[in-house]
Amino acid sequence: MSESLDEVRSDRHESTALPESTALPAPTAASLRDALLHHLRFTVGTTPERASAFDWRMAVSHTIRDRAVDPWFESVRRTEAEDRKRVHYLSMEFLIGRILEDAAINLGLRDTIDEVLDGFGLSFTEIAEGEPDAALGNGGLGRLAACYLESMATVGCPGYGYGLRYEHGLFEQSFENGRQVETPENWLATGNPWDFTRPETAYRVGFGGEVIEEGGRRIWVPRSRVLAAAHDTPVVGYGARWANTLRLWAAMPGAELFDLDRFNAGDFAAASEAEALARSLTRVLYPNDTTDGGKQLRLSQEYFLSSASVQDILARHLGAHDDLRRLPESVAIQMNDTHPAIAGPELIRLLVDEHGFGFDAAAGIATQVLGYTNHTLLPEALERWTVGLMRHVLPRHLEIIEGLDTQFVELQGERPDPVRLIGGDQVNMGDLAFAVSHKVNGVSALHTDLVRKDLFPVHDELHPGRIVNITNGITPRRWLKLANPALSELITDTIGSGWETDLDRLRGLEQHADDPGFQEAFGRTKRLAKVRFADWLAAEHDIEAPLDALFDAQVKRLHEYKRQLLNILWTIARYQRIKRDPGAGWVPRVKIFGGKAAPSYDTAKEIIRLINDVARIVNDDPETRDLLRVIYPPNYGVSMAQKLIPASDLSEQISTAGMEASGTGNMKFALNGALTIGTLDGANVEIREHVGAGNFFLFGLTTDEVAARRSEADHARTAIMASRPLQDVLQSVAEGAFSPDEPHRHGRLVDLMWNSDWFLVASDFDAYDSAQDEVDRAYRDSHHWQRMAILNIARMGHFSSDRSIREYMSRIWDIPAAL
Ligand code: 26V
């Protein structure tokens, strides 16, 4: 039986290409123009004469989307015909950004559609910029998921992204008197042309209720049920040789879930409970890395994603196979952090309760299928749910976690103080995710070491080899080809095309690093990017940026460990020095900040306010404004990054060592020829190794030194007393030099610096200051600077997300490429 099955399979491996006739013909400008007019008329319902920018964008998007369909169907057909193993990437966040231009590039239609629109007197770029960002994520973790989806499609890894279709993505940020104000984001308000709605693909997801015993079996009777409806977006790889699906679940009340009996009995509230839950479940992305309130909703969201996805995965498997014991041969599930870790207990529950497996067998299958990526060591970021909440929302899953906990304690034998999945009254989702996974990965070499040593030492001892490192990566299509067309063109002119899918080829630029002609050409691309960014700043935010200055950028979520405070305090020191000696030959700098603070994160918000206060004083000072500018455009996101990163000369990656798991912005900047000023943290370590220590501005305490320094009493006071510049800076802030209307406004931040300084801003201040001096020296020698920048670009090939995905495929998923 199994032999003949194998025969069938190997037979199927032979058949590949789609018969030419069923595919759309390769588009010419004329055929694309016809398709565009067709959509304008029949999809949008208007004419070229009357069409608004929005109408054109819809028609263009549908025209491009049509071209994704054949590669998409063909990829599904081949995967099924060849019975290929697939990966299912479960993530609460996908920070995608705009889709149109990325899809056009990957389909090879970027220039043709440009030409077609030109014929109507329209600009593709302008139309594409009308698209709202799909901002279904908070920061690095969500953006990584988006890069990985694109790379999976590019390298031909059969798979699905599974997430939630939040009605409102990450909040929009504006500033009022320098303070962050949040307003709801509304990306779906004008419809989403990329969405294929599949109301027929819907699963019931239960919540609450109780577990009853029936004939020796445990049966979960949920209190309410919500429908998860699939919305699919095709994800086309570069060259359109492969396409995967991003499946986002939307919660729906579902008429059959309405409890008519309860309603008729007069219990109106209970009858509508499922409806109320459905309306809130996928309403909004959690903006909060730190929330206290809404814990139940968050856990319910996580379960909703996990359950719908696992049900879908099993349904697909059972559509083609009859044996769930062989699930690990066809299915890999990757959990993006612990957020979908309840997928483990859910898979076990379905195997045991609905498919008759014993507990141990089910747990064994789950472990072979699941993998877990850890993205942070911060204790406050490691998810824990109280047993009470878990019992209230997921009573059957709590029993299963108890079963896993018992297994895990037994495994630890005589260990006096065993690690528990349930410790005290808390369920530890990190330990749970570890226990149900065959591989657990860190996201940079340093981070992985710390995962082994500090986070999971006992797990590591019990399961040597389970923890692996797969350093993060970024997609060169969006972050170089799309974001930086001028540099991309220069690269292609110099080394030919092919780097888009084989980023190591950038090495070919090394031999041009000393060539003054190439340096000049590179300088022109940087200048062009600065002009583009400056034009956008002026048009959108009425902010002026002097083009001849060094663009020095720190863009990322606001967090104390990322040390935007160090950056702004140093900026004040620079301001004071210029004031003291304006003619000292300063290198003009634009200090660029971007990033959002979690709405409940008060200290981060105070730092935002300080940056904006400093900006106002510094930018208004006629003595300094030509030498120092502080700009902080609000609402940083993927699309702003695409303009800002190519324009930057210097990339600030200055987290307290040991605290930034990887960083991925660091990679985007270096790939676009910005030099890094940074600590030995996260992927900075590997970036420095690749680009060369001489092409990287290193400063600061190491991870071990951080630990030692923190244990010194009064380290903050000692460091401040040793640094005259820092004392002056803190004094001016304390005296209200940047908040004359409210002199004590920043008193708490100054207090934190003197009395706690957990993130060692003071301890690293002088080292940072010296590294910044070195930046100035290097920048003054323009040939030297360009050479370093070019070497950075040339040596960044390793950080392509294609490399990361290939590592996941071979080391975790056991999936060969389909291409
Ligand atoms: C969560 C929380 C929640 C509680 C308060 C503090 C805090 C701080 C950070 C986080 C982030 C959790 C997960 C995350 O987004 N990690 C990021 O993942 C990126 C992709 O691997 C990586 O590049 C970043 O270094 C890492 O912070």
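Because the structure is predicted, anything quoted here is derived from the model rather than measured.
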(request) Rounded to the nearest 0.5 Å, what's the gap from CG on Leu100 to CD on Glu131? Could you check? (result) 5.5 Å

(request) Side-chain contact test, heavy atoms from C-beta onward, threshold under 4.5 Å: evaluate it for Thr282 versus Trp249 and give yes or no. (result) no

(message) For a quick check under 3.5 Å, do Ser488 and Trp499 share a side-chain donor-acceptor pair by atom type?
(response) no

(request) Go through the steps for Tyr808 and Tyr148 under the test ring pair (Phe, Tyr, Trp, His ring centres under 6.0 Å), then give the verdict. (result) CA-CA 10 Å; Tyr808 277 91; Tyr148 280 1; 5.5 Å; yes

(message) Side chains of Leu819 and Val155, heavy atoms from C-beta outward: is any pair under 4.5 Å?
(response) no

(message) A side-chain contact here means heavy atoms from C-beta on lying under 4.5 Å apart; do Thr501 and Thr154 qualify?
(response) yes

(message) Ignoring hydrogens and geometry beyond distance, is a side-chain donor-acceptor pair present between Ser662 and Ser444 at under 3.5 Å?
(response) no

(request) Would you give the length of the straight line joining atom CG of Asp502 to atom CZ of Arg505, rounded to the nearest 0.5 angstrom? (result) 5.0 Å

(message) Less than 4.0 angstrom from a charged side-chain N to a carboxylate O is my criterion; do Arg110 and Asp114 meet it?
(response) yes

(message) Is it the case that atom CD in Glu126 sees more than 12 heavy atoms from other parts of the structure closer than 6.0 Å?
(response) no

(message) Could you walk me through whether Tyr166 and Trp187 satisfy the ring pair (Phe, Tyr, Trp, His ring centres under 6.0 Å) test, starting with their C-alpha distance in whole Å, then the side-chain angles of each, then the deciding distance to 0.1 Å, before giving a yes or no?
(response) CA-CA 9 Å; Tyr166 304 108; Trp187 70 301; 9.2 Å; no

(request) Output yes when Glu660 and Lys562 qualify as a salt bridge under the 4.0 Å nitrogen-oxygen rule, no when they do not. (result) yes

(request) Would you kindly say whether Asn472 and Thr664 are connected by a side-chain donor-acceptor distance under 3.5 Å? (result) no

(message) On the six-membered ring of Phe171, is Lys596 placed so that its NZ or CZ lies under 6.0 angstrom from the centre and within 45° of the ring axis?
(response) yes

(message) If only side-chain N and O atoms count, and only distance matters, is there a donor-acceptor pair under 3.5 Å linking Ser91 with Glu93?
(response) no

(request) Without swapping roles, check the side chain of Gln180 against the backbone of Ala597 for a donor-acceptor pair under 3.5 Å. (result) yes

(message) Does any part of the side chain of Pro646, heavy atoms only, come nearer than 4.5 Å to the side chain of Leu487, both counted from C-beta?
(response) no

(request) Classify the ring geometry between His88 and Tyr160 as parallel (under 30°), tilted (30 to 60°) or perpendicular (over 60°). (result) parallel

(message) Has His339 got a side-chain atom pairing as donor or acceptor with Met92's backbone, closer than 3.5 angstrom?
(response) no

(message) Within the 4.5 Å heavy-atom criterion, are Thr676 and Met667 side-chain neighbours or not?
(response) no

(request) Please tell me if the side chains of Phe196 and Thr245 come closer than 4.5 Å, counting only heavy atoms from C-beta onward. (result) no

(message) Could you measure the distance from the CZ atom of Arg247 to the CG atom of Leu90? Nearest 0.5 Å is fine.
(response) 12.5 Å

(request) Have a look at Asp548 and tell me which of Lys530, Arg527, Arg629 forms a salt bridge (charged side-chain N to carboxylate O under 4.0 Å, His left out) with it. (result) Arg527

(message) Is it the case that atom CZ in Arg198 sees more than 12 heavy atoms from other parts of the structure closer than 6.0 Å?
(response) yes

(request) Return yes when atom CG of Asp542 has more than 12 non-hydrogen atoms of other residues, nucleotides or ligands closer than 6.0 Å, and no otherwise. (result) no

(request) Could you tell me whether a side-chain N or O of Asp70 sits under 3.5 Å from a main-chain N or O of Asp66, the two making a donor and an acceptor? (result) no

(request) Classify the ring geometry between His38 and Phe42 as parallel (under 30°), tilted (30 to 60°) or perpendicular (over 60°). (result) tilted

(message) Can you confirm whether His690 sits close enough to Asn792 that some side-chain heavy atom of one is under 4.5 Å from a side-chain heavy atom of the other?
(response) no

(message) Check whether Arg33 reaches the backbone of Glu115 with its side chain - one donor and one acceptor, N or O, closer than 3.5 Å.
(response) no

(request) For atom CZ of Arg241, decide whether the heavy atoms of other residues, nucleotides or ligands shown that lie under 6.0 angstrom number more than 12. (result) no

(message) Contact between Leu671 and Ile474 at the side-chain level, heavy atoms closer than 4.5 Å - yes or no?
(response) yes

(request) Determine yes or no for a side-chain-to-main-chain donor-acceptor pair under 3.5 angstrom, with Asn684 supplying the side chain and Gly678 the backbone. (result) no

(message) When you measure from the side chain of Asn672 to the backbone of Trp479, do you find a donor-acceptor pair of N or O atoms at a distance under 3.5 Å?
(response) yes

(request) Go through the side-chain N and O atoms of Arg477 and Asn106 and say whether any donor and acceptor fall under 3.5 Å apart. (result) no

